[in-house]
2 protein chains.
Amino acid sequence: MAFLDFNHERFKPGFEITSTFVVTNNYRMKDTEITNLLHNANLRVTKSRKEVLQALSETGDQAISSNEIEQKLSEIDRITLYRILKAYEDAGLVHSIADGTGKKKYAMCSSNCSEGDHQDNHVHFYCRVCDTTSCLNVVIPTNLKFPTNYLVEEQQFVVSGICKDCHNQ
Amino acid sequence: MAFLDFNHERFKPGFEITSTFVVTNNYRMKDTEITNLLHNANLRVTKSRKEVLQALSETGDQAISSNEIEQKLSEIDRITLYRILKAYEDAGLVHSIADGTGKKKYAMCSSNCSEGDHQDNHVHFYCRVCDTTSCLNVVIPTNLKFPTNYLVEEQQFVVSGICKDCHNQ
DNA sequence: ACAAAGATGCAACTTTGTTGCGTAAGGGGG
DNA sequence: CCCCCTTACGCAACAAAGTTGCATCTTTGT
Ligand SMILES: [Mn+2]
Ligand SMILES: [Mn+2]
Ligand SMILES: [Zn+2]
Ligand SMILES: [Zn+2]
């Protein structure tokens, strides 16, 4: 529940973020935006927490590992970072992807996610060349027929291969 | 690339497996079947390798971790097991699933998989109650529209929630 | 039966992730 | 602005997954 769309009206200067947001691009959040985000999620505002959100907003639709965040920030404690990421996931601010590489990747959530309910209905792409994982603007189909009596709570669709950047050269 | 269907004609006693197989159920492979499988895959036949295939065929559509296989066999070396599983994956005999638990799960491949090309077009289900991952007889739709210039090589669709057994009680 | 190619087993290591606990900091009430 | 309770941080210690190197054993084709 927060907004993050580089070209969206709300992001014209002077506009305050309030609730819903959608990640569609790299965007460096302003300090007040981050603070509001944390307030709305009932999370205490600390230096580390702000920096982590900052880092995640900068990478936009590119999901990054805990280790990558750690290196971007360089001052943060590794264990604290794990706990922050867990808190963000629980709060519905961030979603994680198991892309098959063995490490979780994290990205900002879109508007359809909320506390404890990650309606993460977009496809993720893992590029084996540049070793990056990104959130694609491709929606997971909802017409799948499951065997009876399965209770579906979450879905993760990971496609891997070669991304557009690595493919074009 | 090999066949494994409990009720399939080929599995009536006296029938020899040759190439294509499909895993759909628990089935304890015969020694000669396993040996043929390894021969066809150009893999040397060793005690450990046979036991690992045996173990995987027994679990059927339930994908298990390296650690679980290790415990089933109890004599195998942990590192050797990793290498065997990698060899099987490379050979297209076995596919692995990243179900979000942090450990890879392994299951026998179906007929549409071949060396280096895992057309793993079925959905996997992770049950958070009994902590099991299984291959569902649900096919991933092929009508997804990807952004241009992405080269799709593999797909993994993991659905999580509560499985039929845990849900019915 | 021999030799080359390949598989195994062990040690040592890396990386990811968790847990416990004392200390520091955030935020609401006064 | 200060107090105090709650929560977050930071460190140590640990657990578990997975990798690499290397010497030794096994498989397999000749
Ligand atoms: Mn995503
Ligand atoms: Mn499967
Ligand atoms: Zn790429
Ligand atoms: Zn279950």
Side-chain angles (χ1 to χ4, degrees), chain A residues 31-32 34-55 63-91 93-94 96-106 115 126 131 133, chain B residues 31-32 34-55 63-91 93-94 96-106 115 126 131 133:
Chain A
D31 194 77
T32 49
I34 291 176
T35 303
N36 286 338
L37 216 52
L38 290 170
H39 276 155
N40 290 342
N42 274 319
L43 293 170
R44 285 196 181 171
V45 181
T46 71
K47 182 164 166 283
S48 296
R49 288 193 171 166
K50 290 204 286 185
E51 286 174 348
V52 172
L53 271 189
Q54 188 75 260
I64 56 179
S65 68
S66 175
N67 185 33
E68 285 170 301
I69 299 173
E70 198 186 340
Q71 291 181 316
K72 277 186 78 143
L73 303 187
S74 80
E75 287 279 300
I76 200 169
D77 179 72
R78 199 174 59 94
I79 289 90
T80 301
L81 178 52
Y82 276 121
R83 290 198 262 234
I84 288 175
L85 289 170
K86 172 146 196 333
Y88 286 174
E89 225 178 335
D90 290 347
L93 292 179
V94 162
S96 68
I97 305 110
D99 59 8
T101 61
K103 21 190 163 180
K104 273 190 184 173
K105 305 292 172 66
Y106 298 87
E115 185 176 343
Y126 172 71
D131 189 43
T133 301
Chain B
D31 194 77
T32 48
I34 291 176
T35 303
N36 285 339
L37 216 50
L38 289 169
H39 276 155
N40 290 343
N42 274 317
L43 293 171
R44 289 197 177 172
V45 182
T46 70
K47 183 165 166 282
S48 296
R49 288 194 171 167
K50 291 204 286 185
E51 286 174 348
V52 172
L53 269 189
Q54 188 76 261
I64 56 179
S65 68
S66 174
N67 185 36
E68 284 170 301
I69 298 173
E70 199 186 338
Q71 290 181 317
K72 277 185 80 144
L73 302 187
S74 78
E75 286 279 301
I76 199 169
D77 179 72
R78 199 174 58 94
I79 288 89
T80 301
L81 178 51
Y82 277 122
R83 291 198 260 234
I84 288 176
L85 289 171
K86 170 142 197 336
Y88 286 175
E89 226 179 333
D90 290 347
L93 291 179
V94 161
S96 70
I97 305 109
D99 59 10
T101 62
K103 21 189 164 182
K104 272 190 183 175
K105 305 292 173 62
Y106 298 88
E115 184 175 343
Y126 172 71
D131 189 41
T133 301

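Throughout, a chain's letter reflects where its sequence line sits, starting with A, and its residues are numbered from 1. Every heavy atom of this structure was used, including side-chain atoms; hydrogens, water molecules and symmetry mates were not.
One atom, CD of B:Gln71, and another, C1' of D:dA16, lie 12 Å apart when rounded to the nearest Å. Rounded to whole Å, atom P of C:dA5 lies 16 Å from atom CG of B:Asn42. The distance between atom CG of B:Asn67 and atom P of D:dA15, rounded to the nearest whole Å, is 15 Å. Atom-to-atom, CD of A:Glu89 to C1' of C:dT18 comes out at 15 Å; the value is rounded to the nearest Å. Between B:Asp77 atom CG and C:dA12 atom C1' the separation is 14 Å, expressed in whole Å. When the C1' atom of D:dA13 is taken as reference, atom CD1 of A:Ile79 falls 10 Å away, rounded to whole Å. Between A:Leu85 atom CG and C:dG17 atom P there is a gap of 10 Å when expressed in whole angstrom units. A:His39 has its NE2 atom 8 Å from the C1' atom of C:dG27, to the nearest Å.
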Would A:Lys72 and A:Glu68 count as a salt bridge (Lys or Arg N to Asp or Glu O under 4.0 Å) if you check the C-alpha gap in whole Å, the side-chain angles of each, and the deciding distance to 0.1 Å? CA-CA 6 Å; A:Lys72 277 186 78 143; A:Glu68 285 170 301; over 6 Å; no
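Distance from the side chain of B:Tyr82 is smallest to D:dG18 among C:dT19, D:dG18, C:dT8. Nearest nucleotide to the side chain of A:Arg44, out of C:dG17, D:dT28, D:dT6: D:dT6. When the nucleotides C:dT8, D:dG18, D:dC9 are ranked by their closest atom to the side chain of A:Thr80, D:dC9 comes out on top. Residue A:Lys103 has its side chain nearest to C:dT16 when only D:dA17, D:dA8, C:dT16 are considered.
Remark: the A:Arg83 side chain and the C:dG20 base include a donor-acceptor N/O pair separated by less than 3.5 Å. One can find a donor-acceptor pair under 3.5 Å joining the base of C:dG17 and the side-chain atoms of A:Arg78.
B:Ala63 approaches B:Lys105 most closely through the heavy-atom pair CB-CB, 3.7 Å.
At a threshold of 4.5 Å between non-hydrogen side-chain atoms, the residues A:Asn67 and A:Glu70 count as touching. The side-chain heavy atoms of B:Tyr88 and B:Leu43, taken from C-beta on, include a pair separated by under 4.5 Å.
Not one side-chain nitrogen or oxygen of A:Ser48 sits closer than 4.0 Å to the OP1 or OP2 atom of D:dA8. Contact check, A:Ser66 against C:dG17: no side-chain N or O comes under 4.0 Å of OP1 or OP2.
The CD1 atom of B:Ile34 lies 13.5 Å from the CZ atom of B:Arg49; values are rounded to the nearest 0.5 Å.
Using a 4.0 Å heavy-atom criterion, one finds that B:Ser65 contacts no nucleic acid atom at all.
Between B:Lys104 and B:Val45, the residue anchored closer to the 5' end of DNA chain D is B:Lys104, taking for each the nucleotide with the nearest heavy atom.
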